[in-house]
Amino acid sequence: ALHSGDAARALSCVRRAVEPLRHLSRTWGVAVRVHLALGDEAAAQQALQQLTALAPDSPHVSLSTLALLRAQGDVVTAT
């Protein structure tokens with residue numbers, strides 16, 4: 001849904017997926033991207049915190065952190 005540009009639908013999908021799939025780091029990484037696509041940096045930060053607590057060494061942590069930094073305009077740190 002996110003790739004098709006339907007961020008609201010993607011958010012609905014993520015909300016349904018979080019509960020049964022909360023043990024997967026990818027779920028939280030997708031949540032970060034969806035929240036950023038909707039412009040909700042606070043929710044993206046919360047999802048990133050969940051992701052980091054779940055799997056601190058996951059590549060999804062790095063990718064999600066970079067996406068959040070870019071969204072915040074911090075391209076220096078993100079590069």
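Just so it is clear, the model here is predicted, and its values are computed rather than measured. Counting begins at 1 with the first residue of the sequence.
A 4.5 Å side-chain heavy-atom check between R33 and V30 finds at least one atom pair inside the cut-off.
Here CG of L68 is found 5.5 Å from CG of L36. Values are rounded to the nearest 0.5 Å. The distance from atom OG1 of T27 to atom CG of L51, rounded to the nearest 0.5 Å, is 9.5 Å.
Take L63 and apply the side chain to side chain contact (heavy atoms under 4.5 Å, CB included) test, not counting sequence neighbours, and it matches no residue. When the side chain to side chain contact (heavy atoms under 4.5 Å, CB included) test is applied to A55, the partners found at least two apart in sequence or on another chain are S25, S58.
Listed by first and then second residue, the side-chain hydrogen bond (donor to acceptor under 3.5 Å, both in side chains) pairs involving residues 42-53 amount to none (not counting sequence neighbours).
Nearest heavy-atom pair, A47 versus H35, reported as atom, atom and distance to 0.1 Å: CB-CD2, 4.4 Å.
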